[in-house]
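Scroll down for the structure; my scribbles are underneath it.
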Amino acid sequence: MLDVLGENSFKVNAYRRAADAIQHLDQDVRAVWQGGDAASPEPVEAASGVKNLRTIAGVGEAIASKLDELLRTGEMGYYRELSEQVPAGVLDILKVPDVGPKTAARLWRELNITTLDQLRAAAEQGQVRQLKGMGEKSEAKILAGLAALSRKTNRRLISTVYPFAQAVIAQMQETCGSAIHQITYAGSLRRMRATIGDLDFLVSADAAHHADILEAFTKLPRVETVNDHGGTKASVIADNGLQVDLRVLEPKHWGCALVYFTGSKQHNIEIRGLAQEQGYTLNEYRFGQNERELFCETEEEVYQKLGLPWIPPELREAAGEIEAARAGALPRLIELGDLKGDLQTHSTWSDGQMTIEQMARAAQARGLKYIAVTDHSSGLGITRGVDATRIKEQWAEIDALNKRLRGFKVLKGLELEIRADGSLDMPDEILAQLDICLASTHTAQKQPKEKITARVVKAMRHPHIDAIAHPTGRLIEEREETALDLAEAMRVAQETGTLLEVDGAVERLDLDEVHIRRLKQLGLKTILDSDAHHADQFETLFYGIHNARRGWAEAGDVLNTLEWAQLKKHLKRNRR
DNA sequence: GCCGTTTTCGGCCCGACTGTTTTCAGTCG
């Protein structure tokens with residue numbers, strides 16, 4: 001709204017920076033405001049809330065008081081004031097590709113256009129081109145943008161974009177062959193975000209080949225429309241609706257370009273600030289110092305020049321990674337190969353699609369040493385779960401299977417349903433005999449905060465429940481998190497030794513990166529599982545690991561990097 | 001609106017592409 005009103009762009013950017021910093025905080029902004037004392041609903045002293053908020057980078061006096069007002073009253077007078085000035089529909093118009101704040105403001109003020117429908121009508125009737133600086137092409141662009149907006153889908157799961165990116169790379173290599181020196185994806189995919197908005201590729205090649213490479217890119221079989229096509233970059237829409245950009249550059253620019261296009265934007269701004277402090281300017285091609293130009297063929301050289309070690313892409317969110325790098329305190333991030341076992345899998349005993357043996361053999365083929373079979377308890381009606389009778393039959397099958405397996409162990413587990421009232425649907429006598437017991441909620445997910453928190457906390461206090469599976473219940477782009485008070489759950493986890501799981505299922509990634517980092521700060525361990533219902537779904541551990549890496553997790557933070565004999569000592573049921 | 005190992009005032013990351021222009025503004029990433 002400030003943008004549309006023509007406010008000083010640096011002021012607008014200050015709000016963006018503050019919003020970005022809050023989004024990437026390692027805890028809830030409310031917790032910062034409260035000054036670390038989550039038990040009190042408000043800061044002890046009125047003034048300290050503002051002071052606490054100001055510790056956030058990019059939050060100064062003005063934004064801190066507005067946030068304080070928002071947290072205290074649930075409303076912000078300044079926001080309401082702006083809302084009264086700018087018609088809501090103008091903000092919709094801002095979402096049209098190629099319409100920015102300047103254009104939206106002129107459409108509103110000069111043509112009185114305040115809805116998408118009015119904009120479409122005006123463009124169709126040739127009214128838009130009457131504005132100074134707008135012509136037929138601008139008008140056509142707006143109509144195309146409106147069409148794109150109406151069929152626009154949300155961000156996609158990384159698990160669909162990653163294989164697509166691999167396919168694009170393979171096709172480019174096939175088409176251009178030796179002309180391509182290096183090719184990679186960059187952007188949010190390289191940072192391994194859970195969802196991806198658009199896809200960025202970088203190609204290095206001799207300048208003589210640049211035009212051919214861009215041409216080949218725009219002609220790939222899955223390209224539907226070409227939006228931009230210049231001398232160094234092209235931007236297309238693929239048949240799956242994804243926007244895909246490709247940038248071509250000379251090999252000597254590779255290091256700076258890869259850093260630049262991997263981002264995040266805010267990370268880039270911070271490292272360019274660092275470069276400036278050291279007397280350089282940094283862009284996507286080079287370091288500049290007066291007339292001198294310094295090129296970097298690798299990312300390592302770029303960071304080295306800034307006095308930093310290489311920073312893994314998953315950490316590049318301007319969330320303290322630069323300070324940590326400078327202090328030599330970057331985490332040694334967990335890797336897929338560190339995992340020794342998987343503590344949440346399902347079989348045909350409940351809603352899985354494969355037998356326990358098929359799951360076990362697939363896991364072993366992937367290099368794991370053990371899995372826990374954690375079928376649903378019968379309380380979750382839709383999955384035809386196991387009850388106290390059937391689970392004993394399942395144990396007999398597991399015992400027999402373990403005799404046949406070499407160098408691999410199947411553990412007896414359960415994913416126990418925590419009923420809406422907090423009760424459990426399996427006798428304690430059964431739970432006591434398991435190797436590991438997870439508990440989770442699948443029903444009554446809309447309970448208010450107090451109720452669902454009490455429900456989960458009650459389960460956490462049960463002596464035989466080792467971990468809470470997918471604690472927040474989110475389904476990415478589909479279902480919001482439950483109202484569970486995670487700060488309280490973490491506190492109870494510290495007290496009881498109950499673990500909070502990281503579910504690696506690609507649509508869950510639950511806990512997410514922010515919560516994982518919080519766990520680590522509290523000194524809590526976790527387990528990272530596939531939640532596989534089919535042998536193919538062990539693949540999700542790959543995405544789960546990257547999610548954990550985004551949460552700064554090291555191997556030591558994840559218990560199933562241990563052999564089972566060691567791991568079992570950490571489970572609550574085996575502790576005294 | 002934010003910020004400070006030059007600065008409490010005066011800066012604020014930087015470049016590609018497009019369209020409408022006779023040298024640049026707007027948008028995007």
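Naming: A, B, ... by sequence-line order, numbering from 1 per chain.
Between B:dG10 and B:dG15, the distance separating the two C1' atoms is 24 Å to the nearest Å. Nucleotides B:dC2 and B:dT6 have their P atoms positioned 24 Å apart, rounded to a whole Å. Straight-line distance between the C1' atoms of B:dG26 and B:dT21: roughly 13 Å, to the nearest whole Å. When the C1' atom is compared between B:dT8 and B:dG4, the two are found 8 Å apart, to the nearest whole Å.
As rounded to whole Å, 12 Å separates atom C1' of B:dG15 from atom CG of A:Leu282. As a whole-Å value, the separation of A:Leu53 CG from B:dC2 P is 12 Å. Distance CD (A:Glu270) to P (B:dC14): 15 Å, rounded to an integer number of Å. As a whole-Å value, the separation of A:Asn268 CG from B:dC12 C1' is 16 Å.
Nearest nucleotide to the A:Lys141 side chain, out of B:dG19, B:dT27, B:dG15: B:dG19. Nearest to the side-chain atoms of A:Glu284 among the listed nucleotides B:dC14, B:dG15, B:dG19 stands B:dG15. In this structure, the nucleotide among B:dG15, B:dG1, B:dT27 sitting nearest to the side chain of A:Lys11 is B:dG1. Here the nucleotide nearest the side chain of A:Ala62, chosen from B:dC2, B:dC17, B:dC14, is B:dC2. Minimum atom distance to the side chain of A:Lys102 is reached by B:dG26, of the listed B:dC2, B:dC17, B:dG26. If you check B:dA16, B:dG19, B:dG29 against the side chain of A:Asp200, the one that comes closest is B:dG29. Considering only side-chain atoms of A:Arg54, the nucleotide from B:dG26, B:dG1, B:dC3 that sits closest is B:dC3. Each of B:dT20, B:dG29, B:dC17 was ranked by its minimum atom distance to the side chain of A:Asp198; first place goes to B:dG29.
Across all strands, A:Arg247 comes closer than 4.0 Å only to sugar-phosphate atoms, never to a base (heavy-atom distances). In this structure, A:Ser235 reaches neither bases nor backbone, as no heavy-atom distance under 4.0 Å exists between it and the strands shown. A:Gly231 comes within contact range of the sugar-phosphate backbone alone, with a heavy-atom separation under 4.0 Å but no base atom that close. Residue-level contact check: A:Glu139 touches neither bases nor backbone, having no heavy atom under 4.0 Å from any strand. No contact: A:Val12 has no heavy atom under 4.0 Å from any strand. Counting any heavy atom pair closer than 4.0 Å across all strands shown, A:Tyr260 reaches a base atom. At a threshold of 4.0 angstrom between heavy atoms, the contacts of A:Glu61 are confined to the sugar-phosphate backbone, with no base atom among them.
How far CD of A:Glu75 is from CD of A:Glu69: 8.0 Å, rounded to the nearest 0.5 Å.
Using a 4.0 Å cut-off between charged side-chain N and carboxylate O, A:Glu61 and A:Arg54 make a salt bridge. A:Arg517 has no carboxylate O lying under 4.0 Å from a charged side-chain N of A:Glu513, or vice versa, which leaves the two without a salt bridge. At a threshold of 4.0 Å, the pair A:Arg17-A:Asp20 does not count as salt-bridged, since none of the basic side-chain nitrogens sits closer than that to a carboxylate oxygen.
Taking side-chain N and O atoms only, A:Ser138 has no distance below 4.0 Å to OP1 or OP2 of B:dT18. An OP1 or OP2 oxygen of B:dC12 is reached within less than 4.0 angstrom by no side-chain nitrogen or oxygen of A:Ser9. Taking 4.0 angstrom as the limit, A:Gln243 places a side-chain polar atom (N or O) nearer than this to OP1 or OP2 of B:dG29. When the side-chain nitrogen and oxygen atoms of A:Gln276 are compared with OP1 and OP2 of B:dC14, one or more of them lie within a distance under 4.0 Å. Taking only side-chain nitrogens and oxygens, A:Lys265 never comes nearer than 4.0 Å to OP1 or OP2 of B:dC14.
Summarising the base pairing, B:dG4 is matched to B:dC9 through a Watson-Crick or G-U wobble pair whose two defining distances lie under 3.5 Å.
Residue A:His229 is the one, among A:Ala104 and A:His229, whose nearest nucleotide of DNA chain B lies closer to the 5' end (criterion: closest heavy atom). In this structure, A:Tyr285 and A:Tyr15 both approach DNA chain B, and ranking their closest nucleotides by distance from the 5' end singles out A:Tyr15.
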Let me see the working for A:Leu214 and A:Thr218 under side chain to side chain contact (heavy atoms under 4.5 Å, CB included), right down to the final yes or no.
CA-CA 6 Å; A:Leu214 286 170; A:Thr218 60; 5.7 Å; no

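Counting only distance, with no hydrogens or angles, the side chain of A:Glu321 and the backbone of A:Ala319 share a donor-acceptor pair below 3.5 Å.
Among A:Arg550, A:Arg191, A:Arg190, A:His546, the single residue meeting the side-chain hydrogen bond (donor to acceptor under 3.5 Å, both in side chains) criterion with A:Glu314 is A:His546.
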